[in-house]
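What follows is a set of notes on a single structure, which appears directly below.
Naming: A, B, ... by sequence-line order, numbering from 1 per chain.
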Amino acid sequence: MENAALAKILSQISIILELKEDNLFKIRSYQKAVSNIENLAESVSEIYKKGGRKALEEIDGIGSGISERIEEILTTGKSSYLEELHKDIPESVVEMLGVQGVGPKLVIRLYKDLGIKSVDELLSAAKKGVLEKLDGVREKRIENIIKGIENLKKMDKKHLIGEALPYAEILLRSIGEKPFVSKAIICGSLRRMKETIGDIDILAVSSDPKRLSDVFTSLPQVIRVTAKGETKSSVVLENNMNADLRIVKEDEFGSASHYFTGSKQHNIKIRKIAISKGLKVSEYGVFKGSKRIAGKTEDELFNALGMQYIPPELREDSGEIEAAQRKTLPNLLEITDIKGDLHMHSDYTDGTASIEEMARAAKKLGYKYIAITDHSKSTKVAGGLTEKELLKQMDEIDGINKKLPGFKILKGSEVDILKDGSLDFSDGLLSRLDIIVASIHSGFSASKDEMTKRIIKAMRNKLVNIIAHPTGRLLGKRLPYEVDIEKILSEAAKTHTIFELNSYPDRLDLNDVHCRLAKEKGVKISINTDSHSTNNLLYMKFGVGTARRGWLTKKDVINTLGLKDLLDYLK
DNA sequence: GCCGTTTTCGGCCCGACTGTTTTCAGTCG
């Protein structure tokens, strides 16, 4: 079982415990276990196979109780505890929690007192005025519930970072340009560069908070205001994303940005450490008794707690706090370290720009090289090249290279890994290229074993340099195909095969957790954009963000090398 | 339910906004 599936079951347990008003700390224990499992590079299932319950209990946040639940889930595929809990509270009742403004207390009263069992029943009850039977629920509250349900139905939960970031940048610009705003930054999961984003958080410093709230809540992108105050406002945007604005004082900016950036688990641990040192951390600063000792900058905050500055992308409570205390945090990759892009398409196949246009756009970004890697003949939907077309393309690249001093276009191919693990072009043809990127575009439904063998066979071909989008997922559209990622990464360490981190916002494949695993196994990563137009080259920032979340440094990433070193490595 | 550089028992992060109230509980992050 995948970690994500296991985490989901434990998360459902924690939600029902919350509805049942069980011990708050017990609930928090389950939540912590969920978050730790989601951020774990190793498969919990494998850990259990190797070391049983005892090994499970070595995972942070998992003790005797939860290890017993996990054991049952891994061996039977389900949790009798969860099924027991569901007898009291069915799944459809739990779904009412998704409505903004409806929390655990209200859900229970809706269910127990009024017999409302689902979001749909809640909507019709709200419209009929049935909800007024409940204490503390009157006109305004009912109106909010109806709006909340309408919003829930429109919203497809999480948004890709590729959608959220441009929106957040628009809001940030609109606010930041006002004369009464001295500072404004994006916080939340967006600043941590998560692949999907729940809502947009913006933090600002203003000499006129009231006026800033007015400006924010009346921006043209806002369709509804859900809260508005001197320090905090919330709105719904036209793309059905929520956006929050927090306004703080200049000397609180560091502690506030730390707090609003999260993650929640990271913040909880930071505050716990503060307590152990006789300090208190809140969004207003670090306090010793009533005396404020830090908070103007994040640096100051971490320093006051005796640790290194922790980059936002690492703040998931997955070991970064301990590393910062030991002062052993990695020196993370920067976007300026990237010297080239090794996977992109031209108008020879399904790209929209010519080879020369792609090259000039990349050169403008400061790159030293790119690889043109159009599809091979099997990928017919993308207009894959025949042998003859590929040869013609190679000639054209030679010509363009002569026109671009200080820049090099590598001749490449994104060659299909066929069902039996062989490649779509002959070794003879492939050996004439500078770089071979191999990937899977068909037969996604093969078994885990077959898929793993298929990829390993391709990796063992000495001509293959990079495995592209190794799990094949399309966020929100297609699940990753079944493949034993640990096994293929172990094999990659032996064959010196590079793995791609594909920067397309709906791929981000390898993901952050896999990147960290690859690094542990000594597998090099190439961060590529898989561009189909010159604009797509800018997706690099999403790949770099994901790489940073995966603890990658400059030396873990192959396309930080200069051209000569890169060519040596590829050989 | 987890955890331990005081601890194997007794702690467990912190604060703002809303609606419906006259002082606060619920919700959210």
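Going from atom CG of A/Asp317 over to atom P of B/dC2 covers 16 Å, rounded to whole Å. Summarising the geometry, the separation between CZ on A/Arg109 and P on B/dA25 is reported as 13 Å, rounded to the nearest angstrom. Residue A/Leu17 contributes atom CG, which lies 14 Å from atom C1' of B/dC2 at whole-angstrom precision. Between the CG atom of A/Leu134 and the C1' atom of B/dT21 there is a distance of 16 Å, rounded to whole Å. Summarising the geometry, the separation between CZ on A/Arg69 and C1' on B/dC2 is reported as 14 Å, rounded to the nearest angstrom. If you take CD of A/Glu283 and C1' of B/dC28, they are 12 Å apart, rounded to a whole angstrom. In this structure, A/Arg138 places its CZ atom 15 Å from P of B/dG26, rounding to the nearest Å.
Counting heavy atoms from C-beta outward, A/Trp551 and A/Asp556 have side chains that stay 4.5 Å or more apart. The shortest distance between side-chain heavy atoms of A/Tyr81 and A/Leu10 does not fall below 4.5 Å.
Within residues 250-278 of chain A, the residues that have a heavy atom under 4.0 Å from DNA chain B are, in order of number, A/Tyr259, A/Lys264, A/Ile268, A/Arg271, A/Ile275. If you check residues 47-57 of chain A against DNA chain B, you find no residue with a heavy atom closer than 4.0 Å.
Straight-line distance between the C1' atoms of B/dG26 and B/dT20: roughly 11 Å, to the nearest whole Å. When the P atom is compared between B/dT6 and B/dG1, the two are found 28 Å apart, to the nearest whole Å. Taking atom C1' on both nucleotides, B/dC12 is separated from B/dT7 by 13 Å, rounded to a whole Å. Atom name P, nucleotides B/dC14 and B/dC9: the rounded distance is 26 Å, in whole Å. When the C1' atom is used for both B/dG11 and B/dC17, the distance is 30 Å, rounded to whole Å. Here, B/dT22 and B/dG29 have their C1' atoms 28 Å apart, quoted to the whole Å.
Considering only residues two or more places apart in sequence or on other chains, A/Asp60 meets the salt bridge (charged side-chain N to carboxylate O under 4.0 Å, His left out) condition with A/Lys32, A/Lys269.
Annotation: cation-pi pair A/Lys183/A/Phe253 present, NZ/CZ under 6.0 Å from the ring centroid and within 45° of its normal.
Using modelled atom types, one side-chain atom of A/Glu121 and one backbone atom of A/Lys117 make a donor-acceptor pair closer than 3.5 Å.
Side-chain atoms of A/Arg191 and A/Thr261 form a donor-acceptor pair, as typed in the model, at a separation below 3.5 Å.
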